[in-house]
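Since the structure comes first, as structure tokens, the remarks are kept for the end.
This is a predicted model, so every value here is computed, not measured.
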Amino acid sequence: MSQKCIIIGMSHAGIHLATSLRQYGWQGEILMIGNEDILPYHRPPLSKGFLKKQSNIALIHPESDFEKYQIQFRLSTSVDFIQIHNKSIVLDSGEEINYDKLALCTGGRVRKLNIRGSTLKGIHYLRDIRDAQKLREHLKYVKKVVIIGAGFIGLEIAAVLIEQGIKVTVLEVNSRILSRNLDVVMSNYFIQLHAEHGVEIKTNIDIREIQGKHHVESVICDDGSKFDADSVIIGIGVIPNVELALTADLEVENGIVVDKFACTSNVDIVAAGDCTLFPSDHLQRSVRMECLANAADQAKTAAATLSGNSIPHSALPWFWSEQYDKRLQIAGVIDHYDQVIIRQDFTNGGFSRLYFEGNVLKMAVCVNSAKDFIASKQLIVQKPAIDLKLVQTEANLKQCVLKK
């Protein structure tokens with residue numbers, strides 16, 4: 001008897017799971033359900049090329065692929081709850097659909113700022129194409145913007161806006177920017193980079209209220225400082241969408257709890273992507289990670305599991321960001337290191353910071369240094385002993401492995 005797999009969520013994780021199911025030999029029906037009115041699309045460009053009006057939205061796969069893989073879609077549709085007693089889901093329309101296997105790729109939603117004035121017109125968040133379209137249209141009429149939150153999204157938007165002649169101030173509650181991903185040295189590097197382009201970044205600052213009669217006029221901070229603004233853009237993190245998982249009595253902590261095979265606490269339900277809390281081989285602890293590469297790899301693991309295979313999720317997490325003419329690429333995530341080696345890339349003014357524990361490479365932070373980034377990903381996974389003196393020369397990183 002043919003089986004049906006329902007995938008809830010049309011994120012990167014969702015579409016990679018759907019196509020991987022076919023690649024692993026799933027013969028049954030595949031139905032993807034999502035609350036947007038568009039097929040799965042690339043989200044990273046929304047804060048970069050799309051906002052610059054240099055690119056349009058791009059589908060992750062052309063529609064012809066969906067016909068080839070026989071994937072069905074329900075667009076503009078939400079799922080209200082899961083009924084595990086009869087293995088069905090109930091849509092917002094009241095329709096009930098049965099499944100044999102279920103995949104939750106529900107992603108996350110923006111964390112909202114809940115202070116006085118936070119519902120005024122002119123306040124924007126950026127998570128999906130609708131947010132990006134509204135923001136891009138609004139920016140035509142804006143001269144001064146305050147960005148609350150100095151994560152990748154906030155800084156990427158700051159870089160786009162300042163190059164469009166808009167005055168930009170970034171406010172960050174923590175003592176330094178990008179503290180989740182970078183060390184103090186790299187945080188200071190990006191503060192300096194933005195300062196050179198005219199972006200003002202304030203750290204250690206709490207927001208008290210957003211002022212304005214009907215539309216944003218200014219932002220007031222706890223220290224009494226005031227920043228005039230035609231618009232406020234908020235990027236203060238993401239909350240995992242776990243509500244559906246709770247209706248199915250799945251184990252939930254800071255995300256939907258899954259094992260290394262993407263299995264939830266229900267044998268017929270897997271989960272993948274930003275919504276999951278999973279055991280990380282690299283950190284030796286459970287973690288929730290907002291990372292496209294992680295979502296795609298975990299989705300493949302989930303597809304393998306549903307297809308009767310056992311392929312543990314162990315891919316190296318990596319991240320990237322574009323700000324001005326700088327391309328930042330990060331390979332790995334670390335809790336501990338005892339030495340940092342800096343390498344210059346003289347071909348394009350780039351550099352790399354390599355983080356070691358002993359003589360084993362644990363993480364690489366590369367700016368305009370794609371060659372080191374590519375080599376580092378391989379070395380971090382393989383964990384060979386490395387000649388640290390040779391690393392400090394211009395030798396290719398792969399040539400720095402100590403002979404056994």
- Item | Full working for side-chain contact (heavy atoms from CB on, under 4.5 Å) between Val257 and Leu250 | CA-CA 8 Å; Val257 176; Leu250 301 182; over 6 Å; no
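- Gln392 places a side-chain N or O within 3.5 Å of a backbone atom of Leu388 that can act as its donor or acceptor partner.
- Under a 4.0 Å N-O distance rule, the pair Glu156/Lys52 does not qualify as a salt bridge.
- Gln284 CD: more than 12 foreign heavy atoms inside a 6.0 Å radius.
- How far CD1 of Ile115 is from CD1 of Ile210: 4.5 Å, rounded to the nearest 0.5 Å.
- Side-chain contact between Ile89 and Ile6: present, with at least one pair of heavy atoms (C-beta onward) separated by less than 4.5 Å.
- Counting non-hydrogen atoms of other residues, nucleotides and ligands closer than 6.0 Å to CZ of Arg109 gives a total above 12.
- Taken to the nearest 0.5 Å, the CZ atom of Phe278 stands 10.0 Å off from the OG1 atom of Thr301.
- Listed for the Thr247 side chain is a donor-acceptor partner under 3.5 Å among the backbone atoms of Ile82.
- Residue Leu397 is tested with Ile374, Ile386, Val391, Leu390 for a side chain to side chain contact (heavy atoms under 4.5 Å, CB included); the sole match is Val391.
- At least one donor-acceptor pair closer than 3.5 Å links the side chain of Arg22 to the backbone N or O of Tyr69.
- Taking the ring axis of Trp320 as reference, the NZ or CZ atom of Lys48 stays within 45° of it and closer than 6.0 Å to the ring centre.
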- Task: Show your reasoning for whether side chain to side chain donor-acceptor pair (under 3.5 Å) applies to Glu96 and Gln83.
- Result: CA-CA 9 Å; Glu96 187 174 329; Gln83 301 180 138; 3.3 Å; yes
- Task: Carefully, step by step, assess Ser321 and Gln323 under the rule side chain to side chain donor-acceptor pair (under 3.5 Å).
- Result: CA-CA 7 Å; Ser321 177; Gln323 297 171 41; 3.1 Å; yes
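- The shortest heavy-atom contact between Asp249 and Ser265 is O-OG, 4.2 Å.
- Not a single salt bridge (charged side-chain N to carboxylate O under 4.0 Å, His left out) links Glu251 to another residue, sequence neighbours left out.
- Salt bridge present: Asp128 and Arg130 bring a charged side-chain N and a carboxylate O closer than 4.0 Å.
- Considering all non-hydrogen atoms of both residues, Leu171 and Phe227 come closest at CD2-CE1, 3.8 Å.
- Salt-bridge annotation for Lys140 and Glu137: present, with a side-chain N of the basic residue lying under 4.0 Å from a carboxylate O of the acidic one.
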- Task: Evaluate the criterion side-chain contact (heavy atoms from CB on, under 4.5 Å) for residue pair Thr264 and Ile256; output intermediate values, then yes/no.
- Result: CA-CA 7 Å; Thr264 70; Ile256 303 169; 4.0 Å; yes
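- The six-membered or imidazole ring of Tyr189 lies near that of Phe351, with a centre-to-centre distance under 6.0 Å.
- By the 6.0 Å contact criterion, NZ on Lys167 is open, its count of non-hydrogen atoms from other residues, nucleotides or ligands being 12 or less.
- In this structure, His313 has its ring center at least 6.0 angstrom away from the ring center of Phe261.
- A salt bridge links Asp183 with Arg353; the closest basic N to acidic carboxylate O contact falls under 4.0 Å.
- The closest side-chain donor-acceptor pair between Ser88 and Asn86 falls under 3.5 angstrom.
- Judged by distance alone, the side chain of Asp92 and the main-chain N or O of Val79 form no donor-acceptor pair under 3.5 Å.
- Among residues two or more places apart in sequence or in another chain, the side chain to side chain donor-acceptor pair (under 3.5 Å) test is passed with Tyr99 by none.
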- CA sep, side-chain torsions, deciding dist, call: Cys291, Trp318, side-chain contact (heavy atoms from CB on, under 4.5 Å): CA-CA 7 Å; Cys291 166; Trp318 58 271; 5.7 Å; no
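- Without hydrogens or angle criteria, Ser280 side chain to Arg285 main chain gives no donor-acceptor distance under 3.5 Å.
- Side-chain contact of Thr276 with Gln298: a donor-acceptor pair under 3.5 Å is present, judged by distance alone.
- Using modelled atom types and a 3.5 Å distance limit, the side chains of Asp372 and Ser352 yield a donor-acceptor pair.
- Under a 4.0 Å N-O distance rule, the pair Arg327/Glu322 qualifies as a salt bridge.
- Judged by distance alone, the side chain of Glu209 and the main-chain N or O of Gln211 form no donor-acceptor pair under 3.5 Å.
- Here the closest non-hydrogen pair linking Val333 and Pro317 is CG2-CG, 3.8 Å.
- Atom CG of Asn359 is separated from atom NZ of Lys383 by 13.5 Å, given to the nearest 0.5 angstrom.
- Atom CD of Gln27 sits in a sparse spot, with 12 or fewer heavy atoms from other residues, nucleotides or ligands closer than 6.0 Å.
- In this structure, Asp223 places its CG atom where more than 12 heavy-atom neighbours from other residues, nucleotides or ligands lie under 6.0 Å away.
- Side chain of Ser231 to backbone of Gly122: a donor-acceptor contact under 3.5 angstrom is found.
- Looking only at side-chain heavy atoms (C-beta outward), Tyr24 and Ser20 come within less than 4.5 Å of each other.
- Checked against a 6.0 Å centroid threshold, the rings of Tyr337 and Phe356 do not count as neighbours.
- Salt bridge status for Lys101 with Asp268: present, with a side-chain N to carboxylate O gap under 4.0 Å.
- Distance CD1/Ile191 to CG/Leu155: 9.0 Å, rounded to 0.5 Å.
- Side-chain atoms of Leu244 and Ile8, non-hydrogen and from C-beta on, do get closer than 4.5 Å to each other.
- Interatomic distance, Cys275 SG to Asn254 CG, rounded to the nearest 0.5 Å: 11.0 Å.
- Contact detail for Leu46 and Leu126: the closest heavy-atom pair is O-CD2, 4.0 Å.
- When the shell of 6.0 Å around NZ of Lys87 is examined, it contains more than 12 heavy atoms from other residues, nucleotides or ligands.
- Judged by distance alone, with hydrogens and angles left aside, the side-chain atoms of Ser218 form no donor-acceptor pair with the main-chain N or O of Lys226 at under 3.5 Å.
- Leu17 and Ala302 get closest at one heavy-atom pair: CD1-CB, 3.7 Å.
- For Arg127 (side chain) and Val238 (main-chain N/O), no donor-acceptor pair under 3.5 Å exists by modelled atom type.
- The two residues Pro40 and Phe73 have their closest heavy-atom pair at CD-CE2, 3.9 Å.
- Atom CG of Asp65 and atom CD of Gln70 lie 13.0 Å apart (nearest 0.5 Å).
- Judged by distance alone, the side chains of Gln72 and Glu29 do bring a donor and an acceptor atom under 3.5 Å apart.
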- For Val173 and Ile207, run side-chain contact (heavy atoms from CB on, under 4.5 Å): C-alpha distance rounded to whole Å, both residues' side-chain angles, the deciding distance at 0.1 Å, then the answer. CA-CA 8 Å; Val173 67; Ile207 313 302; over 6 Å; no
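- Between His194 and Phe190, the ring planes are tilted. Angles from 30° to 60° get that label.
- Residues Arg43 and Asp274 are not paired through a salt bridge, judged by the lack of any N-O separation under 4.0 Å between the basic side chain and the carboxylate.
- Side-chain contact annotation: Glu36 with Tyr41, donor-acceptor N/O pair under 3.5 Å present.
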